[in-house]
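Keep in mind that what you see is a predicted model, and the values were worked out from it rather than measured.
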Amino acid sequence: MKKNKMLLVMISGVLSFSAMPSVYASNSTETSTSEKQNVIQNNSDSISGDNTASSENSTSLQTQSDTEAVLESNTNSSSEDSAEKHGTTINDSDDEIGVSESTTEDTVKSNSTEKTPEEKAVEETLANLPKMELRPELGPGYYEVEGSGSKVRSKRSLMTSTAMSNSELFLSKIKAGAISGWKKYKVLPSLTGAQAVLESGWGSSGLSQSANNLFGIKGRYNGKFELWPTLEYINGQWVTVNAEFRKYPSWKESMEDHGKFLVENPRYYKVLGEKNYIKATNEIWLAGYATDPDYPGKLQRTITYNNLTAWDKEAFGDNINLNNYYTTNPSTVVTKKADYSYSGVEFTTGNRVKSYPQGTVFKVSGIIKSKNGTPRLKLSNGKYFTAHKNNVIKTINSVGNYYTINPGTIITKKEDWSHTSVNFTEKNKVKKYPVGSVLKIANVSYTANGSPRFKLKDGTYFTNHKTNVMPTISTAGNYYTINPGIIITKKEDWSHTSVNFTEKNKVKKYPVGSVLKIANVSYTANGSPRFKLKDGTYFTSHKTNVMRTISTIGNYYITNLGTVITKKEDWSHTSVNFTEKNKVKKYPVGSVLKIADVSYTANGSPRFKLKDGTYFTSHKTNVMRTINTAGNYYTSNPNIVVTKEEDWSHSSVNFTEANKVKKYKIGTVLKVKKIVFTANGSPRMQLEDNSYYTAHKSNVIKTIAKITDYYTINPDTIITKNEDWSHTSVNFTEANKVKKYPSGSVLKIANVSYTANGSPRFKLKDGTYFTSHKTNVMPTINTAGNYYTSNPNIVVTKEEDWSHSSFNFTEANKVQKYKIGTILKVKKIVFTANGSPRMQLEDNTYYTAHKSNVIKTIAKVADYYTVNPETIITKNENWSHTSVDFTEVNKVKNYPIGTVLEVKEVSFTANGSPRFKLTDGTYFTSHKTNVGENN
């Protein structure tokens, strides 16, 4: 005993294992002594009755620090598979399966009765010291994964370590998650806890600290992850890559996800539901979770040292409360939860037989108890089922006449009442439902004697007797289940010879808007409603395909026409139910209305729902169908229009090549008699001569009565006859004036535009607008900008040319030839028929106004030379200049009196002042007081 106490002192670090985080250490320097070897015993039987606990029979005692290090290095060799899912799950049983059914014979026992528990713990610890390779560069939780035939080997992320000083605190934090893992996935809590210790180094790994990931599972959790460097063995060498590791809200979710991971990987099926931790730790190793041969021993020692089996007992709930079970034969029961039957009274994963859904009715032959006293129902088929009252309920013998499984949705076959209680009385009636009512079911409830009732979604109760109700499809509310008498088809569809619709039993295709008379409502085997028509065939009763309607439906449009024209003045309304109060807008005759769809009143009266969300009558006496683009046409008489495009009139509303009458040019003014329509609703204008013309607004535009006073055809170029302003809009105001143009201004026209009332405007090339009134402007030639269009008063001829006796120039009416430099006085500007400008001279002859032939000049031009004298002599000292516009800055050379200069030509300033252009390219005065001709 003294020797044992001394050992306890020497290896006190061993007993502190549960309070220390994992680190890496090497046990390659083990030392043996005969005394220590006498202490170390074969520990294969110290944990369980088999030989699975440990593969190590003996080991040497190290120094205290080495021993602690070795014991705490238990995370160094754990191996974990990748977090890929295999698509296999195991059904969660209810909490009944959680009741312990193993006897105490399966619990951990000790074969020694001579040593104290403390002494045995010391011996077990020393006997099972782990043998590991020191790999500190890999960080806590090193592991390997090698798939069959794979060339890629992975090692856990190089995680940083943050020590967690209190292992009891760590265990307290993961306990709830471990127990939850048993209840959800049937993974033993002690196994989960031990693995969490080994894999995370008591929660000290960087991944467990940063991402709450205790098991190093890769991938994402609810989309959350962290990137960590991971060693991958690729093409014969280790490389570090960043991999995604699941990030959890807390350790609890990590613990639960560990259980889910095992469930979703089928090879771990032997682990699931196993209550013996020795078997569980061996099975998870055999399934390939780790490659370390001592992995089960490490887990078992961790479980033992930290008393994690207490977690298992808490999860199992070994104390059986018989009040929660049927202990006498209930004869007939209904399952309240989905659960399994078993081939024996001891329920295990291995002896499961069949999974039964909620609402299954069983005949019970007797009550049998398991080894630990848990009552079981022995079924009439010889199998066993839980007797827990949370899972089954005693019911009436005639339960076969009732629905015991929640159908989700039912239809009433008889008129009946709902009630506030499962016990139906006159006093607790709530609502009477007619035949064909669709009811949503929350669940199946039972009276005290086990009579089933439907609990409706509103919390009331309804009979579930099969003579009163029938299951139907969940979308039955989208169908007519009560005979509406008359329906309209909203979609094209077929009738059938049977309630079960197939391609083979199609009878007749009904187009949209067909009116059908209904005999009754029938149902398929799965409860899908069908209309039985008067002719004995069957048709869909889906509300998206058909609509209940009124008996006078034939007087209405019942299909969406897209666009209609009003035949009578009428109002739109805010509701399908027309009242004086909900009137919105009055539409005159000829209004074009866009239809969104056809809606119906509660009694099935059709209404047009307009695009603006208001409602309008669909009665055929009030509206008529028209083309979808009718809004682009005049649908009420515009009286007078101007053609915007060249087009033909026709002898019929149906336009063809054969019935063309007359081609009208752009800008033609037409008088309209009335608007008429083609068979498909296309509008046409009937002209005064009874021919027909397009009413399309892109071809014609409604205009004012005095349209003939305006230009309606684009002349391209105009000259202003009066001073006037351009404007930024077709609607002329003082505020939108842009530029004042004097009389004779030449303006380029982009097109003819119109005001809202049809008044024409010229749109200028610069985007502004100008009057097109004939008293203000006149068309001119396109090159009018090259002419003087307002009186220049005095011009000098730049080219030799003739005057004429008429503004229409011909050889026959030539009058006088004027040489270059001749000064002419202009009386006024006149225009030819095509708008070509002419200058009328003082002698009433006509001369070209083209700016290349004449130039406007100053009033005192006679004081200047306007004809090139070729050589001049200076009469005064004067300067030459680089420009016709003389300034101090552009002076070139000062010529003294008597200087002879050679003249190249006569040039003019912008205002028409003559200048001599010398042969050297400079300019000199041509004023007769400064120079003279050099003879």
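Lys774 forms no cation-pi arrangement with Tyr710, by the criterion of a distance under 6.0 Å to the ring centre and an angle within 45° of the ring axis. For the pair Arg684 and Phe655, the cation-pi criterion (under 6.0 Å, within 45° of the ring axis) is fulfilled.
Taking all atoms of both residues into account, the shortest heavy-atom contact from Val752 to Thr712 is CG2-O, 3.8 Å. Of all heavy-atom pairs between Ser514 and Pro511, the closest is OG-O, 2.7 Å. Here the closest heavy-atom approach between residue Ser883 and residue Asn890 is recorded as CB-ND2, 3.6 Å.
His727 and Ser729 form no side-chain donor-acceptor contact under 3.5 Å, judged by distance and modelled atom types alone. Inspection of the Ser806 and His804 side chains reveals no N or O donor paired with an N or O acceptor under 3.5 Å. Under the 3.5 Å distance criterion, with hydrogens and angles disregarded, a donor-acceptor pair is assigned to the side chains of Ser852 and His850. No hydrogens or angles considered: a donor-acceptor pair under 3.5 Å links the side chains of Lys594 and Thr563. Thr810 and Asn813 form a side-chain donor-acceptor contact under 3.5 Å, judged by distance and modelled atom types alone. Residues Thr717 and Lys748 have side chains that bring a donor and an acceptor to within less than 3.5 angstrom of each other. Remark: the Ser753 side chain and the Asn751 side chain contain an N/O donor-acceptor pair separated by less than 3.5 Å. Using modelled atom types and a 3.5 Å distance limit, the side chains of His927 and Thr929 yield a donor-acceptor pair.
Proximity of Phe886 to Thr909: side-chain heavy atoms (C-beta onward) are nowhere separated by under 4.5 Å. When side chains are defined from C-beta on, Val815 does not count as touching Trp802, because their heavy atoms never get closer than 4.5 Å. Looking at Leu824 and Tyr818, their side chains come closer than 4.5 Å, going by heavy atoms from C-beta outward. Side-chain contact check for Pro837 versus Ile781: some heavy-atom pair is nearer than 4.5 Å. Counting heavy atoms from C-beta on, the side chains of His650 and Asn659 come closer than 4.5 Å. At least one side-chain heavy atom of Val796 sits less than 4.5 Å from a side-chain heavy atom of Val861. Using a 4.5 Å cut-off on side-chain heavy atoms (C-beta onward), Asn654 and Ser682 make no contact. Residues Gln686 and Tyr693 form no side-chain contact, since every pair of their non-hydrogen atoms from C-beta on lies 4.5 Å or further apart.
Looking at residues two or more places apart in sequence or on another chain, you find a salt bridge (charged side-chain N to carboxylate O under 4.0 Å, His left out) between Lys891 and Glu888. Lys663 is linked by a salt bridge (charged side-chain N to carboxylate O under 4.0 Å, His left out) to Glu646, counting only residues two or more places apart in sequence or in another chain. With sequence neighbours excluded, the residues satisfying side-chain contact (heavy atoms from CB on, under 4.5 Å) with Asp597 are Ser599, Lys609. Taking Lys660 as the reference, Glu657 meet the salt bridge (charged side-chain N to carboxylate O under 4.0 Å, His left out) condition, with sequence neighbours excluded. Residues that satisfy the side-chain contact (heavy atoms from CB on, under 4.5 Å) test with Lys798, not counting sequence neighbours, are Ile855. Scored by the salt bridge (charged side-chain N to carboxylate O under 4.0 Å, His left out) test, Lys583 finds Glu580 as partners (sequence neighbours excluded).
In terms of modelled atom types and a separation under 3.5 Å, the side chain of Thr797 and the main chain of Val854 share no donor-acceptor contact. Judged by distance alone, with hydrogens and angles left aside, the side-chain atoms of Thr720 form no donor-acceptor pair with the main-chain N or O of Val777 at under 3.5 Å. Between the side chain of Asn577 and the backbone N or O of Thr579, no donor-acceptor pair lies under 3.5 Å. In this structure a side-chain-to-backbone donor-acceptor pair under 3.5 Å is missing from Thr566 to Tyr587. A distance-only check finds no donor-acceptor pair linking the side chain of Asp801 to the backbone of Lys817 [under 3.5 Å]. A donor-acceptor distance shorter than 3.5 angstrom exists from the side chain of Ser572 to the backbone of Lys585, with no hydrogens or angles considered.
Note that the OG1 atom of Thr866 and the CD1 atom of Ile820 stand 10.5 Å from one another [nearest 0.5 Å]. The line from CE of Met839 to OG of Ser803 is 10.5 Å long, rounded to the nearest 0.5 Å. For the atom pair CD1 of Ile488 and OG1 of Thr549, the computed distance is 3.5 Å after rounding to the nearest 0.5 Å. Rounding to the nearest 0.5 angstrom, the gap separating the OG1 atom in Thr922 from the OH atom in Tyr895 is 5.0 Å. For the atom pair CG (Leu593) and CG (Leu610), the distance works out to 5.5 Å, reported to the nearest 0.5 Å. One distance of note links CG of Asn555 with CG of Asn622; it measures 11.0 Å at 0.5 Å rounding.
Each salt bridge (charged side-chain N to carboxylate O under 4.0 Å, His left out) pair with one or both residues in residues 556-577, not counting sequence neighbours, appears once here: Glu569-Lys586. Residue pairs meeting the salt bridge (charged side-chain N to carboxylate O under 4.0 Å, His left out) criterion with at least one member in residues 892-921: none, sequence neighbours excluded. Within the structure, salt bridge (charged side-chain N to carboxylate O under 4.0 Å, His left out) pairs that include any residue of residues 717-727 comprise Glu723-Lys740 (at least two apart or interchain). Applying the ring-ring contact (aromatic ring centres under 6.0 Å, His included) test to every pair with at least one member in residues 738-765, sequence neighbours left out, gives these pairs: Tyr741-Phe770.
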Validation: residues 667-674 side-chain donor-acceptor distances under 3.5 Å, sequence neighbours left out:
| residue | atom | partner | partner atom | Å |
| --- | --- | --- | --- | --- |
| Thr668 | OG1 | Lys665 | N | 3.3 |
| Thr668 | OG1 | Lys665 | O | 2.6 |
| Lys673 | NZ | Asn690 | OD1 | 2.8 |

Quiz: residues 623-631 side-chain donor-acceptor pairs under 3.5 angstrom, not counting sequence neighbours:
| residue | atom | partner | partner atom | Å |
| --- | --- | --- | --- | --- |
| Thr626 | OG1 | Gly681 | O | 2.4 |

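Centroid-to-centroid, the aromatic rings of His881 and Tyr923 stay 6.0 Å apart or farther.
The only option from Thr771, Ile707, Val730, Ile713 that meets the side-chain contact (heavy atoms from CB on, under 4.5 Å) definition with Pro760 turns out to be Ile707.
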